[in-house]
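The structure presented is a predicted model; accordingly, all values stated were derived computationally and were not measured. These values consider heavy atoms only, across backbone and side chains, with no hydrogens, waters or symmetry-generated copies.
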Amino acid sequence: MTTSIIVDTQRTVTPLWPVPQERRVVTVLFADIVGSTALVDRLDPEDVRALQKAYFDTVAGVLHRWQGVVEKYIGDAVMALFGARHSDGFDAYRAVRAGLEIQAALDRRPMVGDIRLRVRVGVATGEVVVDLGDVVTGGHGVASGAVITAAARLQEYAAPGGVALCAATARATAGLITQRQLTPVPAAGRVPPVPLWHAVGPVRPGADRHDGPLIGRRRELATIRDQLVGAIRDRAPRWISLVGPTGSGRSRLLHELTRGLTTVDGTPVRWCVAACQPYPDQVLAPVAHLLRDLAGIRHSDGPAAVHDRLVTALTPLFPPTRVATAVPALQRMLATPDDSAAALAGAAICREVLLRLAAHRPLIVAVDDLDRAAPAVSRFLHALFRAATERALPLAVLTVHQPQWADTRPGPARRVTIGPLATVQSGRLLRHLLTRAGQPVALVDRLLPLVGGRPGHATAYVRSLVDGADPAALALPEAVRRAVGAEVDHLDGERRAVLMAAGTLGGLIRGAAVDRALGWTPGRSAPALRGLVAAGLLRPHRVDGYAFAAPALRQVAAERLPRALRAVFVSRTADTPRLDTGHAHTGVPADRAEAVGTGVVDAVTAEVVRLDAVRSRAGLDTAVATPAPVSRPGATGPVRHRPVRTPTMATVPTAPNRRTHRSPGSGRLRVVGTAGDVPPTPAASTAASRRNAAGHWPPEVARSRAAISARPAVPGPARRGALVGVGETPPLRVTPGTPSPRWSDALAACA
């Protein structure tokens, strides 16, 4: 193992950001010696001391190498946290790899008097409250939660020399760790018994399956294809970086390129593709992957087969004497692709092989998930690109990575960013995924505002439904939570604080509300908000403010805050103007606007009723005409209103509406969506959202319009208006200052 990891061994006096505690999903590793009591009873105290020191040094060294934080030593047991301060989305994977390596390291290291220790390891994943300032080795009490006890119980059921996993850890490491499910075990206070898995070892890297249709991405495909074709035609090497967050479909786009671009002007194009596993055992493993792909070598091939395939691949490129010396060096690199001198020499020969292959036929070298690789892989690619440029070869380098990965790309490198799918494209993808999974297509309406245009999020939600998730609740899938949490943890202190404070605000995000929530001076959050836009986590709204780029970001960011701190943020913004689109540019004074998070509406905004409780226009008139008077603390008189449901962190802001100023007596009805309600049926949405080919409304919509139009006008300024926006089974809010739109516009908005 040659992974180099830096561990913070000094207690942090000042937290990394203004919020001292977080609710985080972490992975806990608990290791304990088998039969330690009997062993200590028969040893001399000095031998016990030497044994404990050798044991703790071995375990702590492995944990630190895998970025685990040793929270405490309990007798001869060790408890460590993974993902307590920073998460990369692979906390559970690192914990399991550390547990497996602890067993291997203790097997290799004889202790005092040739004693060999056997340990049990339990790994559990769950939510805890973390004191960020104390996340250091030996930081006792840094985390609190039931998952700590769960890890301790799991190790009791592990076999000596084994690593036991909980269900959440097994799901998080599926496809990365070979697992074997064991018989569920009884646990105190738990019915039914707790499921249990045994970790066997890491899975060999393999190609991902992409068997569905590619939806959208035509512009990105065309841009990259033009760059690759230009590099081959002009014999001018180009470096293209395909950049996008986790779940955006980067790997799928690479797969489509390798399948679609096979010839240029009738000349066959050769692809050499490598994928980087998280935390590879050997730093040059992606280079070895390129060589295996080039020579057609399988992992199951023996030494003789590897030798023959290398000779076959190199014979057309090198003279016989050079083949005889190059093949043994390449075999050594394939066997041990570390950073040793022999492996580096083999990598240099592999680079020359790629250059000579490009001289014979066009070549595209692609590396997926390059942000996971060691710096040695980047140096290999840079040297390859420089040499190809000097020789004017028809070669292109295509790298795929996340936006936050900071690598020094060559000057002429072209960066292609993958944005979210359009709403129509997301709907098509969801319909395809639901149909293939045997789920009701009607769930598209519920899923569409949750996936945020990311294909990976859509796949995760559909998979959760297949696994038995409640369609009415639609909890955030674990895979999405891990990926989004890693995006949040890549931020520095202030941007992270701003994002999490913004998650507690309903509707649009404005700097004034964020400053007030954090207790900052006005304007301090502006640079952080712009930085979040540059990082792709926020997007500017056409109204003055920002919106989250993905709905899951709002939920994860807000849920990271402890309940008490979340309440403080809400109370600080209680007197600020409502930041949703319903109050944008209406001319309502800031001190009379709706309070955020308090459920209080000013008298100017009139009445709120539930739309699903109103069966007719007459019923709506009655509900609006008879509001219950309620007094707001601090007001000079009674305020006629009903409580308003506070928007949840998963609520998607509604689209802004064009407004013009009218006399103070005029009013309107606005339909406001609330989270957790049942969406309109697809049939109703379709009927109300389009006209037929002749330009008329469908019959069912026309009959509804005729019936409504036949009713007399409602007298009184407080009851004039029209429906201008629709959410999911929404309430109605009457506010002044907006003219009534045409009925055709109102019905179109109901779709």
Side-chain angles (χ1 to χ4, degrees), residues 21-32 63 66-72 74 77-99 121-132 134-135 139-158 163-174 176-177 179 181 184-199 460 464 467-469 473 475-486 488-489 552 555-563:
Q21 292 182 343
E22 281 188 19
R23 297 173 65 101
R24 301 179 62 90
V25 175
V26 303
T27 299
V28 181
L29 182 147
F30 199 97
D32 196 8
L63 293 173
W66 287 99
Q67 299 183 15
V69 175
V70 179
E71 196 210 30
K72 62 184 66 174
I74 310 169
V78 181
M79 192 190 86
L81 304 175
F82 293 79
R85 174 179 288 175
H86 296 291
S87 174
D88 56 3
F90 296 100
D91 306 320
Y93 174 74
R94 288 186 286 110
V96 176
R97 290 295 304 271
V121 177
V123 183
T125 301
E127 189 177 35
V128 298
V129 176
V130 179
D131 188 335
L132 297 178
D134 290 334
V135 181
H140 297 281
V142 65
S144 302
V147 66
I148 296 174
T149 304
R153 289 176 178 172
L154 276 175
Q155 67 85 24
E156 297 175 358
Y157 294 101
V163 180
L165 313 178
C166 72
T169 305
R171 289 191 297 268
T173 57
L176 298 172
I177 297 292
Q179 306 163 1
Q181 187 169 4
V185 296
R190 298 288 299 274
V191 178
V194 178
L196 187 69
W197 280 261
H198 173 72
S464 69
D467 293 339
L476 190 66
E478 294 177 356
V480 176
R481 186 181 299 277
R482 287 193 300 270
V484 172
V488 175
D489 283 343
Q555 183 171 346
V556 170
E559 289 181 349
R560 283 280 189 90
L561 296 170
R563 293 193 307 266

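Using a 4.5 Å heavy-atom cutoff, the side chains of Phe30 and Leu154 are not in contact. Put simply, the side chain of Leu63 reaches to within 4.5 Å of the side chain of Val78, judged on heavy atoms. Annotation: side chain of Leu29 is not in contact with side chain of Gln155 (no heavy-atom distance under 4.5 Å). Residues Val28 and Met79 have side chains in contact (heavy-atom distance under 4.5 Å, counting atoms from C-beta outward). Counting only heavy atoms from C-beta outward, the side chains of Gln555 and Arg481 approach each other to under 4.5 Å.
Minimum interatomic distance between Val26 and Ala84 (heavy atoms only, all atoms of both residues): CG1-CA, 3.9 Å.
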Dump the intermediate steps for side chain to side chain contact (heavy atoms under 4.5 Å, CB included) on Thr173 and Gln179, then the final yes or no. CA-CA 9 Å; Thr173 57; Gln179 306 163 1; 2.8 Å; yes
Residue pair Arg23, Glu559: steps toward the salt bridge (Lys or Arg N to Asp or Glu O under 4.0 Å) verdict: CA-CA 7 Å; Arg23 297 173 65 101; Glu559 289 181 349; over 6 Å; no
Determine, stepwise, if the pair Asp91 / Arg24 fulfils salt bridge (Lys or Arg N to Asp or Glu O under 4.0 Å). CA-CA 12 Å; Asp91 306 320; Arg24 301 179 62 90; 5.8 Å; no
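When the side-chain contact (heavy atoms from CB on, under 4.5 Å) test is applied to Arg171, the partners found at least two apart in sequence or on another chain are Ala167, Ala168, Glu478.
When atom types are taken as modelled, the side chain of Glu71 and the backbone of Ala143 share a donor-acceptor pair closer than 3.5 angstrom. Judged purely by atom type and a 3.5 angstrom limit, Thr169 uses its side chain to pair as donor or acceptor with the backbone of Thr125. Without hydrogens or angle criteria, Arg560 side chain to Gly485 main chain gives a donor-acceptor distance under 3.5 Å.
Between the side chains of Tyr157 and Arg153, no donor-acceptor pair is found at a separation under 3.5 Å.
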